[in-house]
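The structure presented is a predicted model; accordingly, all values stated were derived computationally and were not measured.
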Amino acid sequence: MRQQLVQLLYKVSTSSALDDGYIELAEQLIVNAIIDGLNNTRASIWLFNKDNTECHCQLLFDRANNNVNQSLILSRENYPAYFSALDTQRVIIANNAHTDPATFEFSEHYLTPLGINSMLDAPIRFKGEMIGIFCCEHTGSFRQWEDDECTFLSGLADLYGRALSAQESRIVKQQLEVANHRLEERVIERTNTLQKTLEELTGTQGKLIEAEKMAALGNLVAGVAHEVNTPIGIAVTANSSATDNLKQLTQQLNDNTLSKSNLQKFVAHINECLIIASSNLDRAAALICNFKQTAVDQSSLDISTVKLNDYLANTIHSLTPLTRSHKVTTTIECDKALTLITVSGALSQIIMNLVSNSCVHGFKDREDNHINIAVHLDTQQHTYTLRYSDNGHGMSKDVLQSVFEPFFTTTRGNGGSGLGMAIVYNLATQALQGDVKIHSQPEQGITVTFTFPLSLS
(Lines give C-alpha, C1' and ligand atoms only; values in the text may rest on other atoms or scores of the structure.)
Protein backbone atom coordinates (compact mmCIF):
# COMPACT_ATOMS: atom_id res chain seq x y z
CA MET A 1 0.00 0.00 0.00
CA ARG A 2 1.24 3.47 -0.83
CA GLN A 3 2.82 5.40 2.02
CA GLN A 4 0.19 8.14 1.75
CA LEU A 5 -2.64 5.67 2.28
CA VAL A 6 -0.81 4.00 5.19
CA GLN A 7 -0.32 7.36 6.90
CA LEU A 8 -4.00 8.28 6.41
CA LEU A 9 -5.11 4.96 7.90
CA TYR A 10 -2.78 5.51 10.85
CA LYS A 11 -4.06 9.04 11.36
CA VAL A 12 -7.65 7.90 11.35
CA SER A 13 -6.98 4.90 13.60
CA THR A 14 -5.27 7.06 16.24
CA SER A 15 -7.87 9.82 16.21
CA SER A 16 -9.90 10.27 19.41
CA ALA A 17 -12.97 10.78 17.22
CA LEU A 18 -13.16 7.01 16.70
CA ASP A 19 -13.31 6.15 20.41
CA ASP A 20 -15.23 9.09 21.88
CA GLY A 21 -18.51 7.39 21.04
CA TYR A 22 -19.89 10.18 18.85
CA ILE A 23 -20.43 8.49 15.49
CA GLU A 24 -21.09 11.71 13.59
CA LEU A 25 -17.53 12.94 14.18
CA ALA A 26 -16.10 9.55 13.19
CA GLU A 27 -18.17 9.55 9.99
CA GLN A 28 -16.91 12.97 8.95
CA LEU A 29 -13.32 11.93 9.70
CA ILE A 30 -13.59 8.75 7.60
CA VAL A 31 -15.39 10.33 4.63
CA ASN A 32 -12.76 13.08 4.46
CA ALA A 33 -10.03 10.40 4.62
CA ILE A 34 -11.66 8.57 1.67
CA ILE A 35 -11.71 11.70 -0.44
CA ASP A 36 -8.14 12.63 0.50
CA GLY A 37 -6.71 9.16 0.11
CA LEU A 38 -8.41 8.23 -3.16
CA ASN A 39 -8.20 11.75 -4.61
CA ASN A 40 -11.94 11.85 -5.19
CA THR A 41 -14.61 14.50 -4.92
CA ARG A 42 -17.52 12.29 -3.79
CA ALA A 43 -17.65 9.80 -0.90
CA SER A 44 -20.57 8.57 1.18
CA ILE A 45 -21.70 6.21 3.93
CA TRP A 46 -24.83 4.13 3.44
CA LEU A 47 -26.59 2.06 6.11
CA PHE A 48 -29.11 -0.78 5.72
CA ASN A 49 -32.47 -0.96 7.42
CA LYS A 50 -33.23 -3.89 9.74
CA ASP A 51 -34.25 -6.37 7.03
CA ASN A 52 -31.68 -5.20 4.45
CA THR A 53 -34.38 -4.22 1.94
CA GLU A 54 -33.28 -0.58 1.82
CA CYS A 55 -30.07 1.38 2.09
CA HIS A 56 -30.18 5.05 3.07
CA CYS A 57 -27.46 7.65 2.78
CA GLN A 58 -26.03 8.42 6.24
CA LEU A 59 -23.49 11.02 5.04
CA LEU A 60 -22.34 12.25 1.63
CA PHE A 61 -19.51 14.66 0.84
CA ASP A 62 -19.27 16.24 -2.61
CA ARG A 63 -16.47 18.77 -2.61
CA ALA A 64 -17.20 19.87 -6.15
CA ASN A 65 -20.75 20.92 -5.23
CA ASN A 66 -20.10 21.77 -1.55
CA ASN A 67 -22.77 19.24 -0.60
CA VAL A 68 -22.20 17.50 2.71
CA ASN A 69 -25.51 15.76 3.25
CA GLN A 70 -28.02 14.27 0.91
CA SER A 71 -31.18 12.27 1.66
CA LEU A 72 -31.03 9.30 -0.69
CA ILE A 73 -32.59 5.86 -0.35
CA LEU A 74 -31.85 2.77 -2.43
CA SER A 75 -34.27 -0.16 -2.33
CA ARG A 76 -33.58 -3.80 -3.11
CA GLU A 77 -36.72 -3.86 -5.23
CA ASN A 78 -35.46 -1.09 -7.56
CA TYR A 79 -31.80 -2.17 -7.69
CA PRO A 80 -31.76 -5.97 -7.35
CA ALA A 81 -28.43 -6.46 -9.16
CA TYR A 82 -26.60 -4.00 -6.91
CA PHE A 83 -28.02 -5.51 -3.69
CA SER A 84 -27.19 -9.01 -4.95
CA ALA A 85 -23.60 -7.94 -5.51
CA LEU A 86 -23.45 -6.49 -2.01
CA ASP A 87 -24.68 -9.80 -0.62
CA THR A 88 -21.96 -11.83 -2.37
CA GLN A 89 -18.88 -9.64 -3.03
CA ARG A 90 -16.25 -8.41 -0.58
CA VAL A 91 -15.68 -5.22 -2.58
CA ILE A 92 -17.52 -3.84 -5.60
CA ILE A 93 -14.94 -2.58 -8.10
CA ALA A 94 -16.73 -0.84 -10.94
CA ASN A 95 -14.13 0.75 -13.23
CA ASN A 96 -16.96 1.48 -15.70
CA ALA A 97 -19.98 1.92 -13.47
CA HIS A 98 -22.33 2.28 -16.47
CA THR A 99 -21.69 -1.27 -17.70
CA ASP A 100 -20.55 -3.11 -14.56
CA PRO A 101 -23.05 -5.89 -13.66
CA ALA A 102 -23.29 -4.54 -10.09
CA THR A 103 -23.82 -0.85 -10.84
CA PHE A 104 -25.35 -0.54 -14.33
CA GLU A 105 -28.82 0.03 -12.78
CA PHE A 106 -27.68 3.48 -11.58
CA SER A 107 -26.49 4.68 -15.04
CA GLU A 108 -29.52 6.52 -16.39
CA HIS A 109 -30.98 8.19 -13.30
CA TYR A 110 -27.93 8.62 -11.01
CA LEU A 111 -24.51 8.22 -12.65
CA THR A 112 -25.07 10.13 -15.91
CA PRO A 113 -26.71 13.24 -14.38
CA LEU A 114 -23.86 13.57 -11.84
CA GLY A 115 -21.05 12.70 -14.27
CA ILE A 116 -20.01 9.62 -12.29
CA ASN A 117 -18.15 7.01 -14.34
CA SER A 118 -16.41 4.77 -11.77
CA MET A 119 -17.44 3.43 -8.33
CA LEU A 120 -15.65 1.62 -5.52
CA ASP A 121 -17.84 0.22 -2.70
CA ALA A 122 -16.68 -1.58 0.48
CA PRO A 123 -19.21 -3.18 2.85
CA ILE A 124 -19.29 -2.19 6.52
CA ARG A 125 -19.49 -5.09 8.97
CA PHE A 126 -20.39 -4.88 12.66
CA LYS A 127 -20.61 -7.87 15.01
CA GLY A 128 -20.34 -10.23 12.05
CA GLU A 129 -23.15 -8.70 10.00
CA MET A 130 -23.07 -6.32 7.02
CA ILE A 131 -24.77 -3.11 8.11
CA GLY A 132 -23.87 -0.75 5.24
CA ILE A 133 -21.28 0.36 2.68
CA PHE A 134 -18.62 2.98 2.00
CA CYS A 135 -19.12 4.35 -1.49
CA CYS A 136 -16.40 6.16 -3.45
CA GLU A 137 -17.63 7.77 -6.72
CA HIS A 138 -15.19 9.09 -9.35
CA THR A 139 -16.28 11.79 -11.78
CA GLY A 140 -14.54 12.56 -15.08
CA SER A 141 -12.67 9.86 -17.01
CA PHE A 142 -13.04 6.18 -16.22
CA ARG A 143 -10.77 5.07 -13.39
CA GLN A 144 -8.94 1.84 -12.80
CA TRP A 145 -9.10 1.15 -9.08
CA GLU A 146 -5.83 -0.20 -7.60
CA ASP A 147 -5.59 -3.05 -5.11
CA ASP A 148 -4.09 -0.82 -2.42
CA GLU A 149 -7.03 1.58 -2.87
CA CYS A 150 -9.46 -1.28 -2.31
CA THR A 151 -7.48 -2.34 0.78
CA PHE A 152 -7.47 1.25 2.05
CA LEU A 153 -11.25 1.58 1.71
CA SER A 154 -11.78 -1.80 3.41
CA GLY A 155 -9.49 -0.72 6.26
CA LEU A 156 -11.57 2.42 6.78
CA ALA A 157 -14.71 0.25 6.83
CA ASP A 158 -13.18 -1.80 9.67
CA LEU A 159 -12.34 1.40 11.58
CA TYR A 160 -15.96 2.50 11.22
CA GLY A 161 -16.97 -0.69 13.02
CA ARG A 162 -14.68 0.36 15.87
CA ALA A 163 -16.41 3.74 16.00
CA LEU A 164 -19.78 2.00 16.18
CA SER A 165 -18.57 -0.09 19.13
CA ALA A 166 -17.43 3.10 20.90
CA GLN A 167 -20.84 4.67 20.28
CA GLU A 168 -22.58 1.61 21.63
CA SER A 169 -20.36 1.65 24.74
CA ARG A 170 -21.08 5.34 25.30
CA ILE A 171 -24.83 4.79 25.00
CA VAL A 172 -24.69 1.82 27.36
CA LYS A 173 -22.60 3.85 29.79
CA GLN A 174 -25.09 6.71 29.66
CA GLN A 175 -27.96 4.30 30.18
CA LEU A 176 -26.12 2.77 33.13
CA GLU A 177 -25.47 6.22 34.59
CA VAL A 178 -29.15 7.10 34.19
CA ALA A 179 -30.15 3.75 35.67
CA ASN A 180 -27.70 4.20 38.56
CA HIS A 181 -28.95 7.71 39.16
CA ARG A 182 -32.53 6.48 39.20
CA LEU A 183 -31.48 3.59 41.42
CA GLU A 184 -29.77 5.98 43.83
CA GLU A 185 -32.89 8.15 43.88
CA ARG A 186 -35.04 5.08 44.54
CA VAL A 187 -32.62 3.89 47.24
CA ILE A 188 -32.73 7.32 48.89
CA GLU A 189 -36.51 7.36 48.57
CA ARG A 190 -36.86 3.85 49.95
CA THR A 191 -34.34 4.62 52.71
CA ASN A 192 -36.30 7.71 53.70
CA THR A 193 -39.51 5.70 53.62
CA LEU A 194 -37.96 2.91 55.69
CA GLN A 195 -36.50 5.45 58.12
CA LYS A 196 -39.89 7.07 58.50
CA THR A 197 -41.54 3.69 58.94
CA LEU A 198 -38.87 2.67 61.46
CA GLU A 199 -39.43 5.87 63.42
CA GLU A 200 -43.16 5.24 63.40
CA LEU A 201 -42.65 1.63 64.47
CA THR A 202 -40.23 2.72 67.19
CA GLY A 203 -42.77 5.24 68.45
CA THR A 204 -45.53 2.65 68.30
CA GLN A 205 -43.31 0.11 70.05
CA GLY A 206 -42.56 2.61 72.80
CA LYS A 207 -46.26 3.29 73.26
CA LEU A 208 -47.03 -0.44 73.32
CA ILE A 209 -44.28 -1.08 75.86
CA GLU A 210 -45.59 1.71 78.07
CA ALA A 211 -49.13 0.41 77.66
CA GLU A 212 -47.97 -3.11 78.49
CA LYS A 213 -46.08 -1.83 81.52
CA MET A 214 -49.15 -0.01 82.76
CA ALA A 215 -51.33 -3.05 82.07
CA ALA A 216 -48.86 -5.29 83.93
CA LEU A 217 -48.72 -2.81 86.79
CA GLY A 218 -52.52 -2.68 86.86
CA ASN A 219 -52.73 -6.49 86.92
CA LEU A 220 -50.08 -6.59 89.63
CA VAL A 221 -51.83 -4.04 91.81
CA ALA A 222 -55.19 -5.73 91.23
CA GLY A 223 -53.66 -9.09 92.12
CA VAL A 224 -52.04 -7.77 95.28
CA ALA A 225 -55.24 -5.97 96.28
CA HIS A 226 -57.38 -9.03 95.63
CA GLU A 227 -55.11 -11.51 97.38
CA VAL A 228 -54.31 -9.35 100.41
CA ASN A 229 -57.75 -7.75 100.74
CA THR A 230 -59.56 -11.00 101.51
CA PRO A 231 -57.60 -12.09 104.64
CA ILE A 232 -57.26 -8.51 105.89
CA GLY A 233 -60.99 -7.97 105.35
CA ILE A 234 -61.77 -11.09 107.37
CA ALA A 235 -59.38 -9.96 110.11
CA VAL A 236 -61.04 -6.50 110.17
CA THR A 237 -64.47 -8.13 110.42
CA ALA A 238 -63.31 -10.38 113.29
CA ASN A 239 -61.81 -7.37 115.06
CA SER A 240 -65.03 -5.36 114.53
CA SER A 241 -67.09 -8.21 115.96
CA ALA A 242 -64.82 -8.43 118.98
CA THR A 243 -65.07 -4.65 119.52
CA ASP A 244 -68.89 -4.78 119.42
CA ASN A 245 -68.91 -7.59 121.99
CA LEU A 246 -66.50 -5.63 124.17
CA LYS A 247 -68.89 -2.65 124.15
CA GLN A 248 -71.77 -4.90 125.25
CA LEU A 249 -69.61 -6.43 127.98
CA THR A 250 -68.59 -2.96 129.22
CA GLN A 251 -72.25 -1.83 129.30
CA GLN A 252 -73.33 -4.89 131.29
CA LEU A 253 -70.44 -4.38 133.66
CA ASN A 254 -71.41 -0.73 134.25
CA ASP A 255 -75.07 -1.73 134.74
CA ASN A 256 -74.08 -4.53 137.15
CA THR A 257 -75.96 -6.97 134.88
CA LEU A 258 -72.96 -9.06 133.78
CA SER A 259 -73.46 -12.74 134.44
CA LYS A 260 -70.98 -15.55 134.43
CA SER A 261 -72.54 -17.13 131.36
CA ASN A 262 -72.34 -13.82 129.40
CA LEU A 263 -68.70 -13.45 130.41
CA GLN A 264 -67.97 -16.99 129.21
CA LYS A 265 -69.76 -16.32 125.92
CA PHE A 266 -67.76 -13.11 125.49
CA VAL A 267 -64.44 -14.85 126.18
CA ALA A 268 -65.32 -17.63 123.70
CA HIS A 269 -66.33 -15.10 121.06
CA ILE A 270 -63.19 -12.98 121.57
CA ASN A 271 -61.05 -16.11 121.33
CA GLU A 272 -62.74 -17.10 118.08
CA CYS A 273 -62.28 -13.58 116.66
CA LEU A 274 -58.61 -13.56 117.65
CA ILE A 275 -58.03 -16.94 116.01
CA ILE A 276 -59.74 -15.79 112.80
CA ALA A 277 -57.87 -12.47 112.74
CA SER A 278 -54.53 -14.09 113.56
CA SER A 279 -54.82 -16.80 110.87
CA ASN A 280 -55.87 -14.33 108.20
CA LEU A 281 -53.16 -11.84 109.13
CA ASP A 282 -50.66 -14.71 108.91
CA ARG A 283 -52.06 -15.49 105.49
CA ALA A 284 -51.67 -11.84 104.40
CA ALA A 285 -48.12 -11.78 105.74
CA ALA A 286 -47.29 -14.96 103.79
CA LEU A 287 -48.71 -13.43 100.62
CA ILE A 288 -46.63 -10.30 101.09
CA CYS A 289 -43.56 -12.46 101.71
CA ASN A 290 -44.19 -14.36 98.48
CA PHE A 291 -44.79 -11.10 96.69
CA LYS A 292 -41.42 -9.82 97.90
CA GLN A 293 -39.80 -12.99 96.60
CA THR A 294 -40.84 -12.13 93.03
CA ALA A 295 -38.47 -9.14 93.19
CA VAL A 296 -35.55 -11.49 94.03
CA ASP A 297 -33.40 -9.47 96.39
CA GLN A 298 -30.02 -10.74 95.15
CA SER A 299 -28.16 -9.31 98.10
CA SER A 300 -29.75 -12.02 100.22
CA LEU A 301 -28.77 -14.87 97.88
CA ASP A 302 -25.39 -16.47 98.58
CA ILE A 303 -23.15 -18.02 95.92
CA SER A 304 -21.74 -21.42 96.77
CA THR A 305 -20.07 -24.43 95.15
CA VAL A 306 -22.32 -27.48 94.80
CA LYS A 307 -22.29 -30.88 93.16
CA LEU A 308 -25.41 -30.54 91.06
CA ASN A 309 -26.54 -34.19 91.02
CA ASP A 310 -26.35 -34.55 94.80
CA TYR A 311 -28.01 -31.18 95.36
CA LEU A 312 -30.92 -32.02 93.07
CA ALA A 313 -31.33 -35.42 94.75
CA ASN A 314 -31.43 -33.82 98.21
CA THR A 315 -33.98 -31.23 97.07
CA ILE A 316 -36.25 -33.90 95.59
CA HIS A 317 -35.86 -36.03 98.74
CA SER A 318 -37.05 -33.11 100.89
CA LEU A 319 -40.24 -33.08 98.81
CA THR A 320 -40.98 -36.78 99.39
CA PRO A 321 -44.17 -36.19 101.48
CA LEU A 322 -45.62 -34.10 98.62
CA THR A 323 -44.59 -36.43 95.79
CA ARG A 324 -45.71 -39.55 97.69
CA SER A 325 -49.15 -38.10 98.34
CA HIS A 326 -49.57 -37.49 94.58
CA LYS A 327 -48.04 -40.84 93.57
CA VAL A 328 -45.13 -39.24 91.72
CA THR A 329 -41.89 -40.94 90.66
CA THR A 330 -38.89 -38.74 89.95
CA THR A 331 -35.75 -39.39 87.89
CA ILE A 332 -32.61 -37.27 87.64
CA GLU A 333 -30.20 -37.44 84.68
CA CYS A 334 -27.03 -35.57 85.59
CA ASP A 335 -23.28 -36.12 85.53
CA LYS A 336 -22.43 -36.98 89.12
CA ALA A 337 -19.11 -35.11 88.85
CA LEU A 338 -20.66 -31.83 87.60
CA THR A 339 -19.77 -29.03 90.03
CA LEU A 340 -21.24 -25.51 89.84
CA ILE A 341 -20.58 -22.13 91.37
CA THR A 342 -24.14 -20.87 91.71
CA VAL A 343 -26.90 -19.60 93.97
CA SER A 344 -27.95 -22.97 95.28
CA GLY A 345 -30.88 -21.62 97.29
CA ALA A 346 -32.44 -20.12 94.15
CA LEU A 347 -32.01 -23.38 92.27
CA SER A 348 -33.64 -25.29 95.14
CA GLN A 349 -36.57 -22.85 95.23
CA ILE A 350 -37.11 -23.27 91.47
CA ILE A 351 -37.26 -27.07 91.75
CA MET A 352 -39.61 -26.89 94.74
CA ASN A 353 -41.99 -24.53 92.98
CA LEU A 354 -42.02 -26.63 89.80
CA VAL A 355 -42.67 -29.87 91.71
CA SER A 356 -45.42 -28.16 93.71
CA ASN A 357 -47.02 -26.86 90.52
CA SER A 358 -46.89 -30.30 88.91
CA CYS A 359 -48.52 -31.90 91.95
CA VAL A 360 -51.22 -29.26 92.43
CA HIS A 361 -52.08 -28.61 88.76
CA GLY A 362 -50.53 -31.23 86.50
CA PHE A 363 -51.24 -34.42 88.46
CA LYS A 364 -54.71 -33.63 89.78
CA ASP A 365 -56.91 -36.76 89.62
CA ARG A 366 -54.17 -38.70 87.77
CA GLU A 367 -52.24 -41.90 88.37
CA ASP A 368 -48.76 -42.98 87.20
CA ASN A 369 -47.27 -39.50 87.51
CA HIS A 370 -43.66 -38.89 86.59
CA ILE A 371 -41.16 -36.01 86.80
CA ASN A 372 -37.83 -36.01 84.95
CA ILE A 373 -34.93 -33.61 85.49
CA ALA A 374 -32.19 -33.82 82.84
CA VAL A 375 -28.96 -31.79 82.83
CA HIS A 376 -26.76 -31.33 79.75
CA LEU A 377 -23.37 -29.60 79.72
CA ASP A 378 -22.15 -27.19 76.99
CA THR A 379 -18.42 -26.72 77.55
CA GLN A 380 -18.01 -24.40 74.55
CA GLN A 381 -20.56 -21.90 75.87
CA HIS A 382 -19.64 -22.59 79.52
CA THR A 383 -23.29 -23.22 80.31
CA TYR A 384 -25.53 -26.06 81.32
CA THR A 385 -29.15 -26.82 80.43
CA LEU A 386 -31.61 -28.06 83.05
CA ARG A 387 -34.76 -29.53 81.54
CA TYR A 388 -37.69 -30.18 83.88
CA SER A 389 -40.61 -32.17 82.48
CA ASP A 390 -43.70 -33.96 83.74
CA ASN A 391 -46.42 -36.10 82.16
CA GLY A 392 -49.34 -34.19 83.68
CA HIS A 393 -52.37 -32.43 82.22
CA GLY A 394 -50.29 -29.82 80.41
CA MET A 395 -51.46 -26.31 79.57
CA SER A 396 -53.56 -24.63 76.94
CA LYS A 397 -52.07 -21.94 74.72
CA ASP A 398 -53.77 -19.15 76.66
CA VAL A 399 -52.52 -20.43 80.02
CA LEU A 400 -49.01 -20.93 78.62
CA GLN A 401 -48.82 -17.29 77.50
CA SER A 402 -49.60 -16.01 81.01
CA VAL A 403 -47.89 -18.63 83.14
CA PHE A 404 -45.04 -16.37 84.32
CA GLU A 405 -47.28 -13.39 85.14
CA PRO A 406 -47.53 -12.55 88.87
CA PHE A 407 -50.85 -13.59 90.47
CA PHE A 408 -51.95 -15.57 87.41
CA THR A 409 -53.50 -18.84 88.54
CA THR A 410 -56.10 -21.31 87.37
CA THR A 411 -56.96 -22.31 90.97
CA ARG A 412 -57.89 -18.93 92.42
CA GLY A 413 -60.84 -20.39 94.35
CA ASN A 414 -58.72 -23.22 95.78
CA GLY A 415 -56.08 -21.09 97.46
CA GLY A 416 -53.66 -20.60 94.56
CA SER A 417 -51.72 -17.32 94.81
CA GLY A 418 -50.36 -17.24 91.24
CA LEU A 419 -46.83 -16.37 92.43
CA GLY A 420 -45.07 -19.73 92.06
CA MET A 421 -44.10 -19.51 88.38
CA ALA A 422 -43.41 -15.77 88.62
CA ILE A 423 -40.87 -16.56 91.36
CA VAL A 424 -39.38 -19.31 89.18
CA TYR A 425 -38.95 -16.87 86.30
CA ASN A 426 -37.37 -14.13 88.40
CA LEU A 427 -35.02 -16.53 90.19
CA ALA A 428 -33.90 -18.04 86.87
CA THR A 429 -33.34 -14.77 85.02
CA GLN A 430 -32.03 -12.62 87.88
CA ALA A 431 -30.49 -14.66 90.67
CA LEU A 432 -29.11 -17.39 88.37
CA GLN A 433 -28.45 -15.06 85.38
CA GLY A 434 -29.98 -17.47 82.87
CA ASP A 435 -33.04 -17.78 80.72
CA VAL A 436 -36.12 -20.00 80.74
CA LYS A 437 -38.46 -21.39 78.10
CA ILE A 438 -41.62 -23.42 78.61
CA HIS A 439 -43.43 -25.74 76.23
CA SER A 440 -46.71 -27.53 76.78
CA GLN A 441 -49.85 -28.84 75.13
CA PRO A 442 -53.04 -30.09 76.73
CA GLU A 443 -52.67 -33.63 78.11
CA GLN A 444 -49.00 -33.78 77.03
CA GLY A 445 -47.33 -32.50 80.18
CA ILE A 446 -44.95 -29.56 80.41
CA THR A 447 -41.26 -29.04 79.65
CA VAL A 448 -39.41 -26.14 81.25
CA THR A 449 -35.91 -25.57 79.89
CA PHE A 450 -33.37 -23.46 81.78
CA THR A 451 -29.96 -22.37 80.52
CA PHE A 452 -27.54 -21.24 83.24
CA PRO A 453 -23.85 -20.31 83.39
CA LEU A 454 -21.55 -22.88 84.98
CA SER A 455 -20.07 -20.24 87.23
CA LEU A 456 -21.59 -17.07 88.70
CA SER A 457 -19.18 -14.28 89.54
Q) Out of T447, L400, D390, which residue meets the side chain to side chain contact (heavy atoms under 4.5 Å, CB included) rule with S440? A) L400
Q. What are the two closest heavy atoms between C359 and V328, and how far apart are they?
A. SG-CG2, 4.2 Å
Q. Would you find a donor on one side and an acceptor on the other, under 3.5 Å apart, between the side chain of T323 and the backbone of T320?
A. yes
Q: Could you point out which residue of E146, E149, Q7 forms a side chain to side chain donor-acceptor pair (under 3.5 Å) with R2?
A: E149
Q.
Quick one: does any side-chain atom of N192 pair with a main-chain N or O of I188 as donor and acceptor, under 3.5 Å?
A. yes
**Q.** Between E177 and H181: side-chain donor-acceptor atoms closer than 3.5 Å
**A.** no
Q | Over all atoms of both residues, closest heavy-atom pair of N40 and C136 | A | ND2-SG, 2.7 Å
Q) Would you call D36-K11 a salt bridge at under 4.0 Å N-O? A) no
Q: Begin with the C-alpha distance, continue with both residues' side-chain angles, and end with the deciding distance and a verdict on side chain to side chain contact (heavy atoms under 4.5 Å, CB included) for Y110 and E137.
A: CA-CA 11 Å; Y110 181 71; E137 300 168 339; 2.7 Å; yes
Q | Heavy-atom closest pair, residues I116 and T139 | A | CG1-CG2, 4.0 Å
**Q.** Heavy-atom donor-acceptor pair, R90 side chain to S154 backbone, under 3.5 Å
**A.** no
Q. From R42 CZ over to C135 SG, what is the distance, rounded to the nearest 0.5 angstrom?
A. 8.0 Å
Q: State the CD-CD1 distance between E129 and I124, to the nearest 0.5 angstrom.
A: 14.0 Å
Q: Work out which heavy atom in I373 is nearest to a heavy atom in L312; give both atom names and the distance.
A: CG2-CD1, 4.1 Å
Q: Evaluate the side chain to side chain contact (heavy atoms under 4.5 Å, CB included) criterion for residues T315 and L347: first the C-alpha distance (whole Å), next the side-chain angles of each, then the deciding distance (0.1 Å), finally the verdict.
A: CA-CA 9 Å; T315 301; L347 188 60; over 6 Å; no
Q: Answer yes or no: is there a donor N or O on one side and an acceptor on the other, between the side chain of Y160 and the main chain of I30, under 3.5 Å?
A: no
Q: Return yes if a side-chain donor-acceptor contact under 3.5 Å exists between N353 and Q349, otherwise no.
A: yes
Q. In chain order, what residues pass the side chain to side chain contact (heavy atoms under 4.5 Å, CB included) check against Y425, with sequence neighbours excluded?
A. F404, T429, V436
Q: Applying side chain to side chain contact (heavy atoms under 4.5 Å, CB included), run through N78 and L74 and close with a yes or a no.
A: CA-CA 7 Å; N78 294 331; L74 304 177; over 6 Å; no
Q) In Å and rounded to the nearest 0.5 Å, what is the CD to OG1 distance from E105 to T103? A) 9.0 Å
Q.
Restricting to non-hydrogen atoms, name the atom on P453 and the atom on L432 that form the minimum distance, rounded to 0.1 Å.
A. CD-O, 3.4 Å
Q.
If I take atom CD1 from residue I423 and atom CG from residue L354, how far apart are they, to the nearest 0.5 angstrom?
A. 11.5 Å
Q. Are a donor atom and an acceptor atom from the side chains of D51 and T53 found within less than 3.5 Å of each other?
A. yes
Q: Let me see the working for M130 and D87 under side chain to side chain contact (heavy atoms under 4.5 Å, CB included), right down to the final yes or no.
A: CA-CA 9 Å; M130 187 172 66; D87 292 339; 4.2 Å; yes
Q: Work out which heavy atom in L164 is nearest to a heavy atom in F126; give both atom names and the distance.
A: CB-CE1, 3.7 Å
Show every donor-acceptor pair shorter than 3.5 Å between a side-chain atom in residues 331-345 and any protein atom, with sequence neighbours excluded, or say none if there are none.
unit_1, atom_1, unit_2, atom_2, d
T331, OG1, H370, NE2, 3.2
T331, OG1, N372, ND2, 2.7
E333, OE2, N372, ND2, 3.1
D335, OD1, A337, N, 3.0
T339, OG1, A337, O, 3.4
S344, OG, S304, OG, 3.2

Q) Does the N391 side chain pair with the main chain of G445, one donor and one acceptor, at a distance under 3.5 Å? A) no
(Q) Can you list everything that forms a side chain to side chain contact (heavy atoms under 4.5 Å, CB included) with L29? Sequence neighbours excluded, please. (A) V12, S15, A17
Q: Indicate whether the side chain of H138 and that of N117 have a donor and an acceptor atom separated by less than 3.5 Å.
A: no
